[in-house]
Amino acid sequence: MAPSLRLEKVTPDNVVPACRLRVRPDQEHLVSPVAQSLAEAYAQPELAWPRLIYDGERLVGFVMAFLKVHFDDDPADTYRYGLWRLNVSADGQGRGYGRFAVESVCEEIRRRGQSRAYVLFVPGEGGPEGFYRRLGFELTGERVEEQVVAALPLA
């Protein structure tokens, strides 16, 4: 991975460019816009971990993890950590930015003492299932609204 790749917090200086970030038009129905994700992060700061993906000085994507989310009301269920959103700019796809973001989120989850990462995504043609499976995620059989859940054991 290029040493110039890094995650940065969202700040007053980069929030407007972040909100302008766009995925490919054929992917817009699969992932919420960055502005919506940031609004959700603002409304749930105890859960959301939003970060911008930079390659050098160039903003190339957005990733948001969920940390301590409960999927249902079953008290026996454990808290889960994982990837909530991933938006890579239309012109930045296929360059390893998404992989870098997922690996960075997994590193943060490991740092917090967890041994499994989850991802939620909209299934279907043109969706990210193949991408996540190539990274080692496996479907759990669960659904959260219209999204499927996949998990990755963290070594």
Value rounded to 0.5 Å, distance of CZ in R51 from CG in L7: 7.5 Å

Evaluation steps, side-chain contact (heavy atoms from CB on, under 4.5 Å), between L86 and Y132: CA-CA 11 Å; L86 177 59; Y132 290 120; 3.8 Å; yes

From CA spacing to verdict: side-chain contact (heavy atoms from CB on, under 4.5 Å), L139, E129: CA-CA 9 Å; L139 297 178; E129 183 173 345; 3.5 Å; yes

Value rounded to 0.5 Å, distance of CG in L83 from SG in C106: 7.5 Å

Closest contact, heavy atoms only, R143 versus P123: NH2-CG, 4.1 Å

Closest non-hydrogen atom pair, Y97 against G92: CD1-O, 3.0 Å

Separation of I53 CD1 from S104 OG (nearest 0.5 Å): 8.0 Å

Stepwise side-chain contact (heavy atoms from CB on, under 4.5 Å) check, L152 with L135: CA-CA 8 Å; L152 173 70; L135 294 177; 5.7 Å; no

Other residues, nucleotides, ligands: >12 heavy atoms within 6.0 Å of E125 CD: no

In one Ile/Leu/Val/Met/Phe/Trp/Tyr side-chain cluster, 4.5 Å: V144, Y118: yes

Side-chain heavy-atom pair W84, L120 within 4.5 angstrom cut-off: no

Criterion side-chain hydrogen bond (donor to acceptor under 3.5 Å, both in side chains) on D13 and T11, from CA distance to verdict: CA-CA 5 Å; D13 293 331; T11 68; 4.6 Å; no

Shortest non-hydrogen contact from A43 toward P45: C-CD, 3.4 Å

E138 CD: over 12 foreign heavy atoms closer than 6.0 Å: no

D91 and V60, any side-chain heavy atoms less than 4.5 Å apart: no

For E108 against R111, the heavy-atom pair lying closest together: OE2-NH2, 2.6 Å

Pairwise side-chain contact, F121 with L30, heavy-atom cut-off 4.5 Å (strictly under): no

Side chain Q93, main chain V88, donor-acceptor under 3.5 Å: yes

Gap between atom CZ of F66 and atom OH of Y81 - 0.5 Å precision: 11.0 Å

Criterion side-chain contact (heavy atoms from CB on, under 4.5 Å) on M64 and L38, from CA distance to verdict: CA-CA 9 Å; M64 187 162 70; L38 290 175; 5.8 Å; no

Cluster link L154 to L67, ILVMFWY, side chain under 4.5 Å: yes

Shortest non-hydrogen separation from S32 to Q36 and the atoms involved: OG-NE2, 3.5 Å

Check: Q27 and N87 side chains under 4.5 Å, non-hydrogen atoms: no

Pairing of R85 and E40 as salt bridge, 4.0 angstrom limit: yes

V31 side chain near V23 side chain, heavy-atom distance below 4.5 Å: yes

Nearest non-hydrogen partners of P128 and V122, listed with the distance: CD-O, 3.7 Å

Backbone of V149 reached by a side-chain donor or acceptor of T140 within 3.5 Å: yes

V15 reachable from Y54 in the ILVMFWY side-chain graph, under 4.5 Å edges: yes

Worked verdict on E107 versus R110 for salt bridge (Lys or Arg N to Asp or Glu O under 4.0 Å): CA-CA 5 Å; E107 184 178 307; R110 268 190 227 94; 5.7 Å; no

Side chains of R95 and S89 in contact at under 4.5 Å (non-hydrogen atoms): no

From CZ (F100) to CZ (R6), nearest 0.5 Å: 9.0 Å

Between NZ on residue K9 and CH2 on residue W49, distance to nearest 0.5 Å: 9.5 Å

